[in-house]
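Naming convention: chains lettered A, B, ... in sequence-line order (proteins, then strands); numbering from 1 in each chain. Because the structure is predicted, anything quoted here is derived from the model rather than measured.
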Amino acid sequence: MTSLAQKLTELVGAAFEAQGLPAELGVVRVSDRPDLCQFQCNGAMAAAKVAKKRPREVAQGVADYLETEYAQATERTSPSQKAGSHGSSHFFKIEIAGPGFINLDVSDDTIAAHLTETASDERRGVAETGNQDQTIILDYGGMNVAKAMHVGHLRPSVIGDCLKNIMSFAGYNALGDIHMGDWGLQMGQIISAFELSHPEWAYFGDGPYPDAPLFNYAELEEIYPQASAACKDDPDRLELARAATKALQEGKPGYKALWQHFMDLSIADIKDNLAPLGIEFDIWKGEADVDQFIPEIAEDLKSRGIAEDSEGAVVVNVEREDDNKDMPPLMFFKSDGAVTYGTTDVATIYDRVKLYDNLLKIIYVVDKRQSLHFEQVFRSAQRAGYVDGIELKHIGNGTVNGDDGKPFKTREGKAMTFRGMVGAAIDKATTRLDEAELAQDMSDEERAEVARKIAVAALKYTELSNQAHVDYIFDLDRMITFEGKTGPYLLYQAVRIQSLLKKAEVQGIGFAEDEFVLQEGDRSLVLLLAELPDHFDMALKNYTPHVLCEYAYRLAQEFSSFYGNCHILSEEDEAVRASRLALCLLTYRQLKLVLGVLGIEIPERM
RNA sequence: GCGCUCGUAGCUCAGGGGAUAGAGCACUGGUUUCCGGAACCAGGGGUCGAAGGUUCGAAUCCUUCCGAGCGCACCA
């Protein structure tokens with residue numbers, strides 16, 4: 001199944017082919033002049049050169065063909081008194097306008113038939129373009145051990161999770177990998193800090209080592225910046241950290257035990273941070289997991305002359321002939337022998353390729369300021385021949401800024417924590433409920449759950465409706481209003497439909513889910529419903545969730561307009577009433593599908 | 001210096017070479033004997049940063065310039 005425009009594209013494409021022109025010219029899309037027509041095809045103008053005819057002549061040939069093959073209904077709803085050779089008249093109007101636009105209106109019967117298909121299809125017409133044998137890894141976490149999640153983690157988490165949902169829905173085996181920052185000097189800094197402050201701890205003896213951590217996450221989070229600062233000022237202190245790092249990486253048992261506790265506490269904290277947002281990862285690997293591969297990769301790259309010595313370090317040259325800019329090499333081993341995140345990123349690709357023999361793509365949703373880094377990593381992996389046939393893509397996200405245009409801070413001027421940001425959103429949602437004296441008959445738990453869903457809808461909709469790569473200004477007040485283009489508005493409309501359907505049920509009004517009798521006032525909603533696959537495909541192809549945000553908003557708004565202008569439960573004609581209820585149900589299901597992909601949950605009431 | 005991204009309504013942003021450049025907020029006016037008014041309807045508001053170029057057609061593609069942000073091996 002496809003969208004209505006895609007179906008028409010086939011018909012018009014055939015018409016172009018019948019003129020001896022490429023079928024690709026027959027692309028039909030929803031008209032950008034709804035006052036003139038429902039759908040348009042601009043191919044005749046592009047065809048004019050190839051055909052060596054005037055655009056209007058080409059258009060006329062196409063129109064004549066469509067007329068003959070599919071006829072043209074004389075009324076929107078009376079299809080078949082003039083059937084073409086295909087026995088059906090899809091079109092109500094076939095017109096040529098301006099320089100050669102082919103303007104099309106579709107008969108209501110064709111629309112209704114399409115709607116029936118959509119209503120009976122659980123995918124609502126969205127094509128399954130991938131399959132479970134095609135794995136896509138999305139790398140969008142990058143959270144660090146022992147470091148509180150901050151505002152900068154919101155965007156990649158939300159966008160990455162959404163892209164994963166999009167690809168999963170498209171049928172791919174899409175996996176989210178957190179790719180923890182759990183290796184390197186910062187680990188040695190913390191280990192050495194603990195060893196200095198708690199030399200008596202069993203981690204630093206000969207074993208046995210503690211099963212449970214001897215410290216909590218708050219202490220861990222606190223000690224990291226202190227240790228980091230201390231190392232910066234004091235070369236001797238830094239040497240301790242280096243030594244600890246080396247010992248850890250060589251597998252010193254006590255340090256490994258301590259490190260494992262860092263991991264346990266940090267992972268628990270990350271899960272706790274993400275829980276309100278419903279964001280989960282499928283793969284909880286990190287830099288540490290690929291450390292084991294580095295010697296063999298180094299050996300491989302050196303033996304093939306891909307890695308080379310340079311100023312005491314080992315680097316991979318990734319310059320290309322056609323570069324128009326300086327391309328620094330990837331630092332594989334620093335001159336002190338340590339690895340960098342470039343090394344571990346290459347090793348992670350190596351690991352993933354080995355692990356998934358059906359790997360199609362690896363997509364990184366990471367701060368756009370890392371673009372040069374990823375270019376180096378990608379080129380290195382390509383030069384090494386590790387990723388033949390595998391697409392590597394960096395989707396660089398912009399930053400979340402305050403109204404001063406600088407990265408978002410708290411009122412006290414500190415960097416906002418992730419938890420603080422989510423908490424502030426939930427508080428604001430609760431306040432909004434209070435102000436409006438809403439949801440007052442709910443239990444405290446239910447109300448808190450509604451507030452959470454509103455806050456999450458607000459945050460995620462804002463994140464996703466901006467293009468990933470732009471910086472945007474964080475304005476809690478604006479995103480948590482029920483007015484305008486916001487997550488809460490979408491929830492409100494979805495809840496309103498549910499309420500209506502519930503009422504129909506209570507009143508014992510039944511209806512067939514897939515039978516439609518179209519009325520004048522239903523048409524714009526119906527045509528919009530038929531667009532879903534177009535927008536989904538676009539979001540999938542271009543990695544652009546904001547396309548789905550835009551569609552969800554238009555759908556909600558169009559429904560609200562329909563709701564305001566048409567009688568539904570109060571409609572006296574039973575067939576029309578049933579059709580409108582079926583429309584409500586279908587609208588709700590599409591809204592739920594789209595919001596679900598965006599990672600937004602709909603409450604039953606609010 | 002080199003490179004990347006961006007510049008569209010007062011503000012925040014959409015606009016896969018096509019007709020009259022759209023939406024939200026804000027502003028102005030209107031709508032409730034019916035289903036959630038947290039809504040709906042209507043209106044004002046633009047030299048698409050500037051100038052050239054390609055094209056039947058450019059906000060969109062190319063070049064130059066202006067302005068903003070960011071990045072340019074041994075932090076991640």
With a 4.0 Å cutoff (strictly under), does any side-chain N or O of A:Tyr461 reach OP1 or OP2 of B:G24? no
Please tell me if the side chains of A:Gln38 and A:Lys93 come closer than 4.5 Å, counting only heavy atoms from C-beta onward. no
Using a cut-off of less than 4.0 Å, is there contact between a side-chain N or O of A:Lys502 and OP1 or OP2 of B:C35? no
Report yes if at least one side-chain N or O of A:Ser561 is closer than 4.0 Å to OP1 or OP2 of B:C40; otherwise report no. no
Ranges pairing with ranges for RNA chain B, where each run has three or more Watson-Crick or G-U pairs under 3.5 Å: B:1-7 with B:66-72, B:10-13 with B:22-25, B:27-31 with B:39-43, B:49-53 with B:61-65
Tell me what A:Gln557 touches on the nucleic acid: a base, only sugar-phosphate, or nothing, going by heavy atoms under 4.0 Å. sugar-phosphate
Sugar-phosphate, base or nothing in reach of A:Asp323, heavy atoms under 4.0 Å: nothing
Salt bridge (Lys or Arg N to Asp or Glu O under 4.0 Å) contacts touching residues 556-576 of chain A (sequence neighbours left out): A:Glu571-A:Arg580
Return the value, rounded to whole Å, for the distance between atom CD of A:Gln440 and atom P of B:A38. 14 Å
Using the C1' atoms only, state how far B:A14 lies from B:A23, rounded to an integer number of Å. 7 Å
What is the glycosidic conformation of B:A59: syn, defined as within 90° of 0, or anti? anti
Write out a two-atom table: protein N or O, nucleotide N or O from nucleotides 11-17 of chain B, distance below 3.5 Å.
from, atom 1, to, atom 2, distance (Å)
B:U12, O4', A:Arg478, NH1, 3.4
B:U12, O2', A:Arg478, NH1, 3.4
B:U12, O2', A:Arg478, NH2, 3.2
B:A14, OP1, A:Gln467, NE2, 3.2
B:A14, O3', A:His546, NE2, 3.4
B:G15, OP1, A:His546, NE2, 2.8

Quick one: does A:Leu372's side chain get under 4.5 Å of A:Met327's, heavy atoms only? yes
Taking only residues two or more places apart in sequence, or in another chain, which ones meet A:Ala146 in a side chain to side chain contact (heavy atoms under 4.5 Å, CB included)? A:Ile190, A:Leu220, A:Tyr224
Non-hydrogen atoms of A:Glu604 and A:Val495 that approach each other most closely: O-CG1, 3.9 Å
Test side-chain hydrogen bond (donor to acceptor under 3.5 Å, both in side chains), reference A:Asp471, set A:Asn397, A:Thr399, A:Asn466, output is A:Thr399
Just checking, any donor-acceptor pair under 3.5 angstrom between side chains of A:Arg496 and A:Ser560? yes
Heavy atoms from C-beta onward define the side chain here; which of B:G24, B:C35, B:A19 lies closest to that of A:Cys37? B:A19
Do A:Cys37 and A:Leu104 come close enough that some side-chain heavy atom pair is under 4.5 Å? no
Can you tell me, in whole Å, how much space there is between the C1' of B:A39 and that of B:U32? 11 Å
Output field: ring centroids A:Phe536/A:Tyr551 closer than 6.0 Å: no
Of the options B:G3, B:G18, B:C35, whose atoms approach the side-chain atoms of A:Lys325 most closely? B:G3
Say you pick atom C1' in B:G18 and the same atom in B:C34; how far apart are they, in whole Å? 44 Å
Tell me what A:Arg605 touches on the nucleic acid: a base, only sugar-phosphate, or nothing, going by heavy atoms under 4.0 Å. base
Check every strand shown and say whether A:Gly564 touches a base, only sugar-phosphate, or nothing at a heavy-atom separation below 4.0 Å. nothing
Which heavy-atom pair separates A:Val314 from A:Ala307 by the least distance, and what is that distance? CG1-CB, 3.9 Å
Grab the CZ-P distance between A:Phe562 and B:C35 for me, whole Å please. 16 Å
Whole-Å distance, A:Leu372 CG to B:G3 P, equals 13 Å
Side-chain touch A:Ile600/A:Leu491, heavy atoms, less than 4.5 angstrom: yes
Rounding to the closest angstrom, what is the interatomic distance between B:A59 and B:C13 at atom C1'? 14 Å
Has the side chain of A:Asp326 got a donor or acceptor atom sitting under 3.5 Å from an opposite partner on the base of B:A73? no
How close do A:Ala381 and A:Leu392 get, heavy atom to heavy atom, and via which atoms? CB-CD1, 4.4 Å
For RNA chain B, determine which residues of residues 44-57 of chain A have any heavy atom closer than 4.0 angstrom to one of its atoms, and list them numerically. A:Met45, A:Ala46
Can you tell me how far P of B:G36 sits from CZ of A:Phe559, to the nearest Å? 10 Å
Do A:Arg237 and A:Ser192 have side-chain atoms, one donor and one acceptor, less than 3.5 Å apart? yes
Mind checking the P distance from B:C62 to B:G17? Whole angstroms is fine. 12 Å
Measure from the side-chain heavy atoms of A:Leu500 and tell me the nearest of B:C35, B:C40, B:A38. B:C35
Write down the protein N/O and nucleotide N/O pairs, taken from nucleotides 74-76 of chain B, whose separation is under 3.5 Å; answer none if there are no such pairs.
from, atom 1, to, atom 2, distance (Å)
B:C74, O2, A:Ser335, N, 2.5
B:C74, O2, A:Ser335, OG, 2.7
B:C74, N3, A:Ser335, OG, 3.3
B:A76, O3', A:Glu287, OE2, 3.1
B:A76, N6, A:Tyr341, OH, 3.2
B:A76, N1, A:Gln370, NE2, 3.2

Side chains of A:Asp182 and A:Trp259, heavy atoms from C-beta outward: is any pair under 4.5 Å? yes
Can you measure A:Leu525 atom CG to B:C40 atom P for me and round it to whole angstrom units? 14 Å
Rounding to the closest angstrom, what is the interatomic distance between B:G44 and B:C4 at atom C1'? 40 Å
Measure from the side-chain heavy atoms of A:Pro328 and tell me the nearest of B:C35, B:G18, B:C72. B:C72
The single option from A:Ile166, A:Leu548, A:Leu490 passing side-chain contact (heavy atoms from CB on, under 4.5 Å) against A:Leu598: A:Leu548
Using a cut-off of 4.0 Å on non-hydrogen atoms, how would the nucleic acid contact of A:Ser499 be classed: base, sugar-phosphate, or nothing? base
Between A:Glu375 (CD) and B:A73 (P), how many Å, whole number? 14 Å
Note, A:Pro55 side chain near A:Pro99 side chain (heavy atom, < 4.5 Å): no
P spacing across the pair B:U60 / B:A51, given as an integer number of angstrom: 12 Å
Please confirm whether the shortest side-chain N or O distance from A:Tyr553 to OP1 or OP2 of B:A23 is below 4.0 Å. no
With rounding to whole Å, what would you report as the distance between B:G22 and B:C65 at their C1' atoms? 29 Å
Under 4.5 Å between any side-chain heavy atoms of A:Met479 and A:Lys428, yes or no? no
Check if the side chain of A:Ser371 and the base of B:G71 share a donor-acceptor pair of N or O atoms closer than 3.5 Å. no
What nucleic acid atoms does A:Cys566 come within less than 4.0 Å of, heavy atoms only: base, sugar-phosphate, or nothing? base
For the side chain of A:Asn42, counting heavy atoms from C-beta on, which of B:G71, B:A73, B:G18 is nearest? B:G18
